[in-house]
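Everything on this sheet refers to the single structure shown next.
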Amino acid sequence: MSIISTSRRQFLGGAGALAAASTLPCPLFAQGKPKVVVIGGGPGGATAAKYIAKDSAGAIEVTLVEPTKQFVTCFHSNLYLGGFRNFQSITHSYGALGKYGVKLAHTTAAAIDKDKKTVRLANGTTLPYDRLVIAPGIDIKFDSVPGYSEAAAEVMPHAWKPGPQTQLLKKQLDALKDGALIVMVAPPNPYRCPPGPYERVSMMAHVLKAKGHKKSKIVILDPKETFSKQALFMEGWQKHYPGMIEWQDSKMHGGVKNVDAKTKTVKTDLAEYKAQLVNVIPAQMAGKVARDAGLANQTGFCPINPDNMKSTMDANIYVVGDACIPGDMPKSAFSANSQAKVAAMMVRGELAKSATFPARYTNTCWSLIETDDTVKVGGTYAAKDGKIAAVETFVSKTGETPELRKQTQQENMGWYSGITADIFA
Ligand SMILES: Cc1cc2nc3c(=O)[nH]c(=O)nc-3n(C[C@H](O)[C@H](O)[C@H](O)COP(=O)(O)OP(=O)(O)OC[C@H]3O[C@@H](n4cnc5c(N)ncnc54)[C@H](O)[C@@H]3O)c2cc1C
């Protein structure tokens, strides 16, 4: 039995256990079925739509609103950047959700009317709902980095939303000649995928090293003073890419003052970098549709009740995934999927009277540093003191054996197969 199949089974086991724990649905609504609208077909929304429809066995009408017909995952997009995956392998279709009874509306949700309990779609349709699950992910705060804009992102990609941005970054990386300078402007907290920028840098270094670069450099300008799995990344960079990667915290560079797409120049308080590739990852906020509906607070993200993932702003709305304020959980696909299963259980409890259980959440984030050298961080979580709080956490250790790191990479690949099947198949 391979580790890949084991971890995939373990992953799916969690979902199955939750599904099996529910009782048969018993509709409360005399006239027609209760209706759920889900906005956003990422790990948060697609998981919620699938599990509400599947586990209510037709008792709840579920419509998933998502403009794209194929979902490209941000998770493992760094592996695509590093040449460990092709683009097709991180692209998924929604076709299988139909077999659970999920109706797909391939358009954008334009506005939510919380009083009337309706969602207006960009194609002109209005969908009524009994419960709304909203999972629009993040929007990029372009103006959080002076000089950056949507237009500048066509030259200096953020690649923090999937698809063309990721492909642009890879094209630019693959075209670099030895002696190139890459500058990454890292994001401030809170942002999606805390270890993501540092895994990305590792994958960029892997590509440069594999192409025999001796003089190319990567400078990370970070607004933070520490970052996720820092000791593990630093150890890995020293081991695999000595002298190639320079990380500067905010005290070292004094702040990013300007980025210029025309000249690919980044100015900090203390220096000016003329780069061949600039990857700007700005600050982030909940997707527009959630903010416009008044579901976000002053942080730009949406507060939720940790017992059930309900918005604290509206009792008929659940917010899952990167758009919510997840307490101690990181913003990750694993977290979004875990939160969505809690929301799905609670929605079925409300609309189909199925049994509910105290919310439990899990997450693990793996990061590939170099071929077969992968580290992880994760934990289990529960509602405590008004937030999703860590119950137990774990993190890889420095100095682990190559065998253990290789096994961790096999887990990582198994997790990806498992979670994408859990969301889309
Ligand atoms: C480089 C990188 C690496 C990562 N690596 C990992 C990893 O290894 N492991 C991990 O767990 N996570 C990882 N992540 C994080 C992960 O991708 C996100 O946390 C996850 O995608 C969040 O899921 P979500 O459903 O909340 O949002 P999203 O995945 O962003 O999905 C939101 C969906 O909502 C849709 N939408 C938005 N607005 C509307 C609207 N108005 N109407 C209809 N639809 C709308 C969008 O089209 C989109 O499809 C990584 C992220 C990045 C950037």
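Computed over heavy atoms, backbone and side chain alike; hydrogens, waters and symmetry mates excluded.
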Show the nearest heavy-atom pair for residues [X] and [Y], with the distance to one decimal.
| X | Y | result |
| --- | --- | --- |
| Y80 | I90 | CB-CD1, 4.0 Å |
| V319 | C302 | CG1-CB, 3.8 Å |
| L81 | R200 | CD2-CG, 3.6 Å |
| P43 | F71 | CD-CZ, 3.8 Å |
| W160 | C74 | O-SG, 3.7 Å |

Flag, side chain of [X] to backbone of [Y], donor-acceptor distance under 3.5 Å:
| X | Y | value |
| --- | --- | --- |
| E199 | N78 | no |
| Y361 | P306 | yes |
| K376 | T408 | no |
| D322 | A286 | no |
| K264 | Q276 | yes |
| Y381 | N363 | no |
| T356 | G349 | no |
| K170 | S77 | no |
| R131 | Y318 | no |
| H253 | D222 | yes |

Does the side chain of [Y] come within less than 4.5 Å of [X]'s, by heavy atoms?
| X | Y | result |
| --- | --- | --- |
| I182 | Q172 | no |
| E225 | S250 | yes |
| P194 | P330 | yes |
| V395 | T393 | no |
| Q284 | P190 | no |
| I423 | K50 | no |
| I281 | Y191 | no |
| T364 | F394 | yes |

Give a yes or no on whether [X] atom [atom1] has more than 12 heavy-atom contacts from other residues, nucleotides or ligands under 6.0 Å away.
| X | atom1 | answer |
| --- | --- | --- |
| E150 | CD | no |
| K103 | NZ | no |
| K406 | NZ | no |
| K267 | NZ | no |

Euclidean distance, [Y] [atom2] relative to [X] [atom1], rounded to 0.5 Å:
| X | Y | atom1 | atom2 | answer |
| --- | --- | --- | --- | --- |
| R360 | I388 | CZ | CD1 | 12.0 Å |
| Q339 | N308 | CD | CG | 12.0 Å |
| I317 | M309 | CD1 | CE | 13.5 Å |
| S367 | M203 | OG | CE | 9.0 Å |
| I218 | L277 | CD1 | CG | 9.0 Å |
| T73 | R85 | OG1 | CZ | 7.0 Å |

From CA spacing to verdict: side chain to side chain contact (heavy atoms under 4.5 Å, CB included), T398, L232: CA-CA 6 Å; T398 53; L232 296 163; 4.0 Å; yes
Let me see the working for V72 and F87 under side chain to side chain contact (heavy atoms under 4.5 Å, CB included), right down to the final yes or no. CA-CA 8 Å; V72 181; F87 198 70; 3.8 Å; yes
Quick test of your reading of the model: are [X] and [Y] salt-bridged, counting only N-O distances below 4.0 Å?
| X | Y | result |
| --- | --- | --- |
| D328 | K387 | yes |
| E370 | K239 | no |
| K251 | D249 | no |

Do the side-chain N and O atoms of T68 and E66 include a donor-acceptor pair separated by under 3.5 angstrom? yes
Could you go step by step and tell me if D422 and Y51 meet the side chain to side chain donor-acceptor pair (under 3.5 Å) rule? CA-CA 9 Å; D422 192 41; Y51 278 93; 2.3 Å; yes
Please test K35 against T63 for side chain to side chain contact (heavy atoms under 4.5 Å, CB included), starting from the C-alpha separation and ending with a verdict. CA-CA 8 Å; K35 291 180 175 50; T63 306; over 6 Å; no
Is the F227 to W247 ring centre distance short of 6.0 Å? yes
Under the ring-ring contact (aromatic ring centres under 6.0 Å, His included) test, which residues partner Y416, sequence neighbours left out? F75, H76, H92
Identify the residue among V289, T126, I39, I134 that makes a side chain to side chain contact (heavy atoms under 4.5 Å, CB included) with V119. I39
Measure from NZ or CZ of K331 to the centre of the six-membered ring of F301, then state whether that distance is under 6.0 Å and the direction lies within 45° of the axis. yes
Only one of T374, D373, D372 passes side-chain hydrogen bond (donor to acceptor under 3.5 Å, both in side chains) with R405; say which it is. D373
Only pairs at least two apart or in different chains count here, so list each salt bridge (Lys or Arg N to Asp or Glu O under 4.0 Å) that has a residue in residues 302-317. K310-E350
Walk me through it: do S202 and W237 pass the test side chain to side chain contact (heavy atoms under 4.5 Å, CB included)? CA-CA 7 Å; S202 307; W237 293 344; 2.9 Å; yes
